[in-house]
Amino acid sequence: MTDKILKLKKEKNAVILTHYYAPEEAQQVADFVGDSFYLAKKAKETGADIILFCGVRFMGESAKILNPEKKVLMPDPSADCPMAHMVAEGKIQQMRKAYSDLSVVCYINSTAELKCLSDVCVTSSNAVKIVKSLKSKNIFFIPDKNLGAFVAKQVPEKNIILNDGFCPIHADLTAAQVLKAREKHPEALILTHPECENEVLSVSDFIGSTAEIIDYAKNSSSAEFIICTERGVEHKLFSDNPDKKFFFPEPCPCCADMKANTAQAILETLEAENNEIILDDEICKKAIIPLNKMLELAR
Ligand code: 13P
Ligand code: SF4
């Protein structure tokens, strides 16, 4: 199946962008595997005619917004991120009325419609840098309360108003589960994604995006790590560090939406060129503003 995918990809001048949480088979056929920021940059730079995005809906949408003239396909159109919907549009309007000096900072894990109502997008790897660089004192951070709270700690000079959205996969992890893993592996460093709850962040040795966790493990002199994020990162961790050991808390975090990106679905989608992301022109025109602002401020 891999050979068929690679052949079709070449014939159709398609690029495959795969998130670290997607299954190993989707990572193996990818042109680029990365975190959401890296993949957004690659989507903007590509010269391919077709972008096949092995991720969840908001990632495919961002690729489409950055390339409205290109065909953006997803192996499974139902792969969605529940957190991307976790803020009511009325709440954003309410905040804009309440504060004259307000920036709406939108985690890229959000629908295209929510991006249209926002001033700037961020990902977990650039949120602190971007929030620091904004002129407004008041920040409404949507939709993730956990990433928002993590940013608020790093940028105390801002008044960061939190929303109540969360990633169900990361928010399910508890400090007790993580500490149980550390009891079994007392030498291991705890590396954590900022979508986790504060009780998990507070027992961690390092907090960062998926790509930052992968870089940290590679550059660290430690040999054992407990990884507090979705299990898909293990493929890159194992291949980069054959001599190091990686453990996950139990139960191991797994995002079913990301796992929908199977080789079978990739092949069928490339063959049929279906599951295309279609967005209204007006939405694309508005949503590109905060995405481009992110790319500019993160530079
Ligand atoms: P990053 O790739 O930015 O670390 O985000 C994690 C995530 O949950 C994507 O869905
Ligand atoms: Fe969304 Fe969480 Fe899955 Fe990432 S891991 S796609 S934030 S549900």
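Both ligands and their constituent atoms are indexed starting at 1 by order of listing. Everything numeric here is computed off the predicted structure, so don't read it as measured data.
For atom 1 (Fe) of ligand 2, protein N/O/S neighbours under 2.8 Å (waters excluded) are Cys81 SG.
For the pair Glu212 and ligand 1, no heavy-atom separation below 4.0 Å is found. Not a single heavy atom of Ser125 lies less than 4.0 angstrom from ligand 1. Not a single heavy atom of Met83 lies less than 4.0 angstrom from ligand 1.
No side-chain donor from either of Asn138 and Ser136 sits under 3.5 Å from a side-chain acceptor of the other. Using modelled atom types and a 3.5 Å distance limit, the side chains of Glu268 and Gln264 yield a donor-acceptor pair. Defined by atom type and a distance below 3.5 Å, a donor-acceptor pair is present between the side-chain atoms of Tyr21 and Thr229. In the model, Asp80 has a side-chain atom that pairs as donor or acceptor with a side-chain atom of His85 under 3.5 Å. Lys44 and Asn67 share no side-chain donor-acceptor pair at under 3.5 Å. When only modelled atom types and interatomic distance are considered, His193 and Ser209 share no side-chain donor-acceptor pair under 3.5 Å.
The closest protein non-hydrogen atom to atom 2 (O) of ligand 1 is His19 NE2, 2.6 Å. Scanning the protein heavy atoms around atom 4 (Fe) of ligand 2, the nearest turns out to be Tyr21 CE1, 3.9 Å. Among protein heavy atoms, the minimum distance from atom 10 (O) of ligand 1 is reached at Asn109 ND2, 3.4 Å. Scanning all protein heavy atoms for the shortest distance to atom 3 (O) of ligand 1 gives Ser36 OG, 2.6 Å.
Counting heavy atoms under 4.0 Å from ligand 1, residue Glu230 does not touch it at all. Only the side chain of Tyr21 comes within 4.0 Å of ligand 1, counting heavy atoms alone; its backbone N, CA, C and O stay farther away. Proximity of Tyr107 to ligand 1, defined as any heavy-atom pair under 4.0 Å, is confined to the side chain (atoms from C-beta onward).
Atom numbering of ligand 1 starts at 1 in the shown order; those under 4.0 Å from a heavy atom of Met59 are 9 (C), 10 (O). Counting atoms of ligand 1 from 1 in the listed order, those under 4.0 Å from a heavy atom of His193 are 1 (P), 4 (O), 5 (O), 6 (C). Interface atoms of ligand 1 facing Glu195, defined by a heavy-atom separation under 4.0 Å, are 6 (C), 7 (C), 8 (O). Heavy-atom proximity to Thr210, at under 4.0 Å, picks out these atoms of ligand 1: 1 (P), 2 (O), 4 (O). Less than 4.0 angstrom separates some heavy atom of Glu195 from each of these atoms of ligand 2: 2 (Fe), 7 (S). Atoms of ligand 1 found under 4.0 Å from any heavy atom of Ser209 (numbered from 1 in listed order, with element): 4 (O).
By the 30° and 60° cut-offs, the orientation of the rings of His185 relative to Phe247 is parallel. Ring geometry for Tyr216 versus Phe206: interplanar angle under 30°, hence parallel rather than tilted (30 to 60°). By the 30° and 60° cut-offs, the orientation of the rings of Tyr107 relative to Phe141 is tilted.
Rounding to the nearest 0.5 angstrom, the gap separating the CG atom in Asp172 from the SG atom in Cys196 is 10.0 Å. With values rounded to the nearest 0.5 angstrom, Leu114 atom CG is found 11.5 Å from Lys91 atom NZ.
Between His170 and ligand 1, no N or O atom pair is found at a separation short of 3.5 Å. Inclusion of Thr123 in the set of residues having an N or O under 3.5 Å from an N or O of ligand 1 is not warranted.
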Determine, stepwise, if the pair His19 / Ser36 fulfils side-chain hydrogen bond (donor to acceptor under 3.5 Å, both in side chains). CA-CA 7 Å; His19 191 269; Ser36 27; 4.5 Å; no
Go through it in stages, so that I can follow the logic: the residues are Glu197 and Lys145, the test is side-chain contact (heavy atoms from CB on, under 4.5 Å), and I'd like the CA-CA distance, side-chain angles, deciding distance and then a yes or no. CA-CA 9 Å; Glu197 297 281 341; Lys145 67 177 165 100; 3.3 Å; yes
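Test Pro82, Cys81, Cys255, Pro253 against Pro168 for side chain to side chain contact (heavy atoms under 4.5 Å, CB included) and you get one pass: Pro82.
Taking 4.0 Å as the cut-off between side-chain N and carboxylate O, Glu157 and Lys132 do not count as a salt-bridged pair.
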